[in-house]
Amino acid sequence: MDLDTFGDQLDRLRGAALADVAAAGDLEALDERASHYLGRKGTLTALLRSIGAIPPEARPRAGQLANAVREAVEAAMAARREALAAVQLERRLAAEATDPTLPGRPRRRGSLHPLLETSRRIAEIFGQFGFVVYEGPQVETDELNFQLLNIPEEHPSRDLWDTLYTDLPGHLLRTHTSPGQIHVMRATRPPIRALLPGRCFRYEAVDASHGFEFFQVEGLMIDEGTTLSDLRGLLDEFAHAMFGADRGTRFRPGYYPFTEPSVAFDVRCVVCDGTGCPACGRSGWMTILGAGMVHPVVLRNGGIDPERYQGFAFGMGTDRITMLRYGINDLRLFLESDVRFLEQF
Ligand code: DAH
């Protein structure tokens with residue numbers, strides 16, 4: 001083979017190799033091309049080996065040309081390898097990248113039931129006045145639920161509480177949290193500031209505002225010189241903390257066998273703010289609890305001397321307070337355990 005032929009073949013191989021290198025789309029393709037031209041059985045390698053077939057005087061020149069081509073091809077491959085590696089790194093980083101502007105994935109967390117939340121809020125407010133939380137049993141005796149609260153057997157005031165009786169004679173499901181007053185009076189000594197939250201039961205036809213199962217919070221304060229105006233002041237503080245600092249309040253005369261005098265405590269309607277609407281029966285007021293001065297008979301039944309101590313008590317419906325707080329219009333939602341309702345709190 002003469003030098004010209006050798007040179008022509010070199011030129012063709014170089015052109016083909018450089019074009020291939022430029023066309024290699026990824027590192028694998030580039031590696032494949034590298035071994036095709038420069039590997040042990042590569043085409044360029046084979047051509048370099050054929051230098052022995054060239055006349056001896058032309059060999060140095062042929063060697064120079066061949067080395068120049070190999071170097072050019074190797075340099076092109078190195079440059080291409082670097083470029084492809086940079087592109088692949090960029091692609092990988094792009095694939096792994098996090099976008100901080102994407103909305104977060106919500107974490108599924110439980111939360112307190114709205115009734116429990118309200119019950120805790122009530123305890124928190126009265127807690128600031130020194131009230132301590134107690135709990136009484138849900139199954140009570142007729143004596144504790146009624147008789148010791150100045151509601152004798154066969155007394156017409158029993159009609160205020162439609163009662164669910166148990167098979168066990170003399171035992172019933174408590175109709176209110178008031179028997180807790182007797183438990184606390186018998187278990188502790190004055191001064192007493194007690195709060196008694198809990199579940200109550202009545203023989204009721206169920207509708208949007210009545211359940212056979214509902215919740216109350218009872219309050220009891222007993223000390224020397226406790227008055228009705230202490231009760232009024234305390235309930236005002238409560239109403240303001242629960243429904244807003246400028247919420248109007250009033251006492252109305254009421255009747256309960258275990259308090260004398262008895263009152264109903266109203267707040268300005270939380271829906272219409274007092275102008276009158278269907279929610280408040282157009283009166284502008286909503287009754288949120290019953291209260292009064294603890295009847296001397298009840299104090300005595302609790303083992304407390306009414307000549308020395310006076311006290312007041314109040315009882316509120318946790319369901320009703322919660323409905324007013326959150327604008328809920330049907331009390332049945334509380335015990336249906338529907339997550340679509342519960343997850344809003
Ligand atoms: N126990 C009453 C009821 O269930 C509510 C109540 C009224 C509780 C007056 C009291 C009170 O402590 O003084 O209707």
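Start at 1 and go down the list; that is how both ligands and their atoms are numbered.
Heavy atoms from other residues, nucleotides or ligands lying under 6.0 Å from OH of Y255 number more than 12. The number of heavy atoms from other shown groups lying within 6.0 Å of CD (E96) is above 12.
Nearest-heavy-atom check against atom 1 (N) of ligand 1 across G315, C200, S178 picks out S178.
The contact set between ligand 1 and F258, taken as ligand atoms under 4.0 Å from a residue heavy atom, comprises 1 (N), 2 (C), 6 (C), 7 (C), 8 (C), 9 (C), 10 (C), 11 (C). Within ligand 1, the atoms closer than 4.0 Å to a non-hydrogen atom of T259 are 13 (O), numbered from 1 in the order shown. Per-residue contacts place Y256 under 4.0 angstrom from the following atoms of ligand 1 (heavy atoms of the residue considered): 7 (C), 9 (C), 14 (O). Proximity to Q216 (heavy-atom distance under 4.0 Å) selects the following atoms of ligand 1: 3 (C), 4 (O). When each atom of ligand 1 is checked for a heavy atom of Q181 under 4.0 Å away, the hits are 12 (O). Proximity to W161 (heavy-atom distance under 4.0 Å) selects the following atoms of ligand 1: 3 (C), 4 (O), 14 (O). Of all atoms in ligand 1, listed by their number and element, those nearer than 4.0 Å to a heavy atom of G292 are 13 (O).
Between Y203 and T163, the shortest heavy-atom contact is CB-O, 4.0 Å.
Both tests pass for R232 against the ring of F251: distance under 6.0 Å to the centre and angle within 45° of the axis.
Of the protein's non-hydrogen atoms, the one nearest atom 12 (O) of ligand 1 is E218 OE2, 2.6 Å.
The pair R247-D236 does not count as a salt bridge, with every side-chain nitrogen at least 4.0 angstrom from each carboxylate oxygen.
Distances from ligand 1 to the non-hydrogen atoms of F312 include no value under 4.0 Å. Contact between M316 and ligand 1 is absent, with no heavy atom of the residue lying under 4.0 Å from the ligand.
F258 and Y256 have their aromatic ring centers within a separation under 6.0 angstrom. The aromatic ring centroids of F314 and F265 lie 6.0 Å or more from each other.
If you look at F314 next to ligand 1, the close heavy atoms, those under 4.0 Å, all belong to the backbone.
Close N/O approach between R202 and ligand 1 is found [any backbone or side-chain N/O within under 3.5 Å]. Where the criterion is an N or O separation shorter than 3.5 Å, residue side chain and backbone included, A313 meets it with respect to ligand 1.
Every residue meeting the side-chain contact (heavy atoms from CB on, under 4.5 Å) condition with R252, not counting sequence neighbours, appears here in chain and number order: R250, A264, D266, T287.
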Q310 vs T226, test: side-chain hydrogen bond (donor to acceptor under 3.5 Å, both in side chains). Steps then yes/no. CA-CA 5 Å; Q310 300 74 43; T226 308; 5.3 Å; no
